[in-house]
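What follows is one structure encoded as structure tokens, with my remarks underneath.
Being a predicted model, the structure only gives us computed values, none of them experimental.
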Amino acid sequence: MKPYEITNMIIDDDFAVEEYVTAEFVHQHKNYSITFKKADLEIINCWVFEDGTSLPADIPDEIIESIREDVKKRI
């Protein structure tokens with residue numbers, strides 16, 4: 001079983017320059033968001049949502065790679 005659950009995924013493919021994929025997920029009872037460039041799945045940003053605010057997230061590399069693979073399969 002994976003240590004996270006993807007709850008939503010947004011594919012922004014209407015931009016003139018770059019296309020992005022944002023995956024929202026839950027990990028250890030916290031909500032996170034990670035945005036990748038669609039072309040090569042390079043990380044653009046990662047956020048954790050706590051107490052009504054968003055903060056930069058420090059997500060372990062293993063989880064990022066697993067999410068990247070899940071996103072690849074879905075797009």
Side-chain angles (χ1 to χ4, degrees):
M1 185 168 180
K2 295 183 180 181
Y4 63 88
E5 177 186 354
I6 294 178
T7 57
N8 193 25
M9 197 168 92
I10 302 165
I11 301 173
D12 297 324
D13 54 6
D14 291 331
F15 288 110
V17 179
E18 298 271 357
E19 296 178 342
Y20 300 96
V21 177
T22 300
E24 297 172 356
F25 63 99
V26 176
H27 172 62
Q28 295 182 343
H29 307 290
K30 292 183 182 179
N31 293 313
Y32 291 86
S33 173
I34 185 168
T35 301
F36 299 98
K37 282 185 185 179
K38 186 178 175 189
D40 60 5
L41 296 180
E42 176 187 340
I43 296 175
I44 301 300
N45 59 46
C46 303
W47 300 99
V48 60
F49 302 99
E50 296 184 277
D51 302 322
T53 189
S54 58
L55 302 167
D58 185 21
I59 302 169
D61 290 340
E62 300 81 28
I63 292 177
I64 291 172
E65 287 304 316
S66 184
I67 291 172
R68 185 177 277 134
E69 289 302 315
D70 284 348
V71 167
K72 253 189 233 184
K73 291 175 187 174
R74 294 180 187 206
I75 58 174

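- By the neighbour-count criterion of 12 heavy atoms within 6.0 Å, atom CG of Asn8 is densely surrounded, having more than that number from other residues, nucleotides or ligands.
- A 4.5 Å side-chain heavy-atom check between Lys38 and Asp12 finds every atom pair outside the cut-off.
- Taking every heavy atom of both residues into account, Phe36 and Leu41 meet most closely at CD2-O, 3.1 Å.
- When side chains are defined from C-beta on, Ile64 counts as touching Ile43, because their heavy atoms get closer than 4.5 Å.
- For the pair Val48/Asn31, no side-chain contact is recorded, criterion being any heavy-atom separation below 4.5 Å from C-beta on.
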Tyr32 vs Ile6, test: side-chain contact (heavy atoms from CB on, under 4.5 Å). Steps then yes/no. CA-CA 9 Å; Tyr32 291 86; Ile6 294 178; over 6 Å; no

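- For Thr22, the side-chain hydrogen bond (donor to acceptor under 3.5 Å, both in side chains) partners are Thr35, not counting sequence neighbours.
- Using a 4.5 Å heavy-atom cutoff, the side chains of Phe25 and Ile67 are in contact.
- In this structure, Met9 is a member of the same hydrophobic cluster as Ile63, with clusters built from ILVMFWY side-chain heavy atoms closer than 4.5 Å.
- Side chain of His27 to backbone of Glu5: no donor-acceptor contact under 3.5 angstrom is found.
- Annotation: side-chain hydrogen bond (donor to acceptor under 3.5 Å, both in side chains) contacts involving residues 63-72, sequence neighbours excluded, comprise Lys2-Asp70, Tyr4-Ser66, Tyr4-Asp70, Glu65-Arg68, Glu69-Lys72.
- The hydrophobic cluster containing Leu55 also contains Ile34, counting ILVMFWY residues as joined when their side-chain heavy atoms lie under 4.5 angstrom apart, directly or transitively.
- Taking the side chain to side chain contact (heavy atoms under 4.5 Å, CB included) definition, one finds that Asp40 meets it with Lys37, Glu42, sequence neighbours left out.
- In this structure Glu62 satisfies the salt bridge (charged side-chain N to carboxylate O under 4.0 Å, His left out) test with no other residue, sequence neighbours excluded.
- For residues 48-57, the side-chain hydrogen bond (donor to acceptor under 3.5 Å, both in side chains) pairs, not counting sequence neighbours, are Lys30-Glu50.
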